Number of protein chains: 2
Amino acid sequence: MTSATAESLDEETSTIADRVFGQVRQAIVEGQIPAGSKLSEPALAARYGISRGPLREAMRRLESTNLVERRPNLGARVITLSNDELLEIYVIREALEGMAARIAAERMSDAAISDLKGLLEQHRREVARADWQTYFQEEGDLDFHFRIVQGSGNRRLIDILCNDLYHLARMYRCQFGMKSDRAADALKEHELVADAIAERDGELAEWLMRRHIRASRRAIERRLAVER
Amino acid sequence: MTSATAESLDEETSTIADRVFGQVRQAIVEGQIPAGSKLSEPALAARYGISRGPLREAMRRLESTNLVERRPNLGARVITLSNDELLEIYVIREALEGMAARIAAERMSDAAISDLKGLLEQHRREVARADWQTYFQEEGDLDFHFRIVQGSGNRRLIDILCNDLYHLARMYRCQFGMKSDRAADALKEHELVADAIAERDGELAEWLMRRHIRASRRAIERRLAVER
DNA sequence: TCCGGACCAAGTGTCGACAATCATGACATC
DNA sequence: GATGTCATGATTGTCGACACTTGGTCCGGA
């Protein structure tokens, strides 16, 4: 778990602010700190056994990753997950990951492509035998997207997606159960993207990736419409 | 000038950290603080007449906007503008602003489209009579892109582009002279995008916007190749 | 009973100071 | 003469404390 997060193994980072930043982020993403709840500086400082100085710096970093909202003299709150913002994120992912797939098709190493296909092979086995383990399938979904983005080699692209949007996506997924009835379809779409990349067809890879993310967004839209 | 920056008129923001964040950012973008130079906390704190506490928070925000790099116990430095990263930014802009143009074509209000056309009319007059005023043309270029992005109505999209990438672009532009021999071509491309939006043709607007940004990137690539 | 103003408490914003870490230079040794 | 080591200085990381703002509450009056 938490396998696909950039800089996830940053234990023993020299500065306290960075460490508590990662801890609070994880707590927010996984729902231990509920969405919309107020983040009291003294309380958090006491909870993590640090002073308010480093904690404020961590809060600033959390603010810039759009996980918390701050208003002057009023304090910080965990962001409230609105449905519109979730859909907005998928729009951005469609644009960014589509471009990532295009570049990955041009620049990804053969070895990385082999690894990618191996990952999909493993996912196929998991999906075939386990319908109740959609959780791992969902984590695997992020793993797949993570590798494509890495394959683009565009550092800023990697940064935006892996350090901001993927944490948001994981937060939404932990919040609502996100029982995906789309696991089989998504896997099929992943394989199509991987094939296009293996054939070095950047244009097709981008088109397929965008269609894949669009389909995911539509599935969410349908589910939100039903729940309403 | 500095017309197209989000939250630009944030004078008298209650918190000092936010104010000095904007000031330092402007100083970095406009080159008053040279690229690659070290940012000493005591020096900056003294320069702005504040303590190191708020300054450190401002530095954290600057770090998250990718304008400065920090390494623990080693201090912060202004980012060094590498050519590769500049091109990476254009790749992201191509993906993101293409999507913004598509959505803007669907959602932009008629009034906003009229304003956009008025802006282009003004740009046309400027370009026609002034070849030495490419500076204003370049600022106007950002203004155009800014309005398209705003027209998308996607808050996170607006945030990424206006609060991060555009400042980077302005920094590069202030750093090297960025004498653009492409002003006329760029204006023409802008008008095509605006026309597609006016006709509510999202697919075409995206295609044109991506081609426009790609052309700008290629112009930069050519210039970098010559200077080398 | 309802509205308005003042008081109070909690929390945020800011500051100065101490401890830990790293760079720089001189010095001793091989 | 070159290299490794150590001391020194400066800078960063962290902490506790103070001032100011905000929100709630209580009291008084209509």
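Values in this document were obtained by computation on a predicted structure and should not be read as measured data.
- The closest side-chain donor-acceptor pair between A:His190 and A:Asp141 falls under 3.5 angstrom.
- By the 4.0 Å N-to-carboxylate-O rule, A:Arg156 lies too far from B:Asp164 to be salt-bridged with it.
- Looking only at atom types and distance, the side chain of A:Ser216 has a donor-acceptor partner in the side chain of A:Arg182 under 3.5 Å away.
- Ion pairing of A:Asp18 with A:Arg61 is present here, as a side-chain N (NZ or NE/NH1/NH2) and a carboxylate O approach within less than 4.0 Å.
- Here the C1' atom of nucleotide C:dG11 and the CG atom of A:Leu55 are 13 Å apart, to the nearest Å.
- Nearest heavy-atom pair across A:Leu96 and B:Ala95 is CD1-CB, 4.1 Å.
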- Contact state string [nucleotides 7-15 of chain D, B base, S sugar-phosphate only, - no protein heavy atom under 4.0 Å]: ----SBBBB
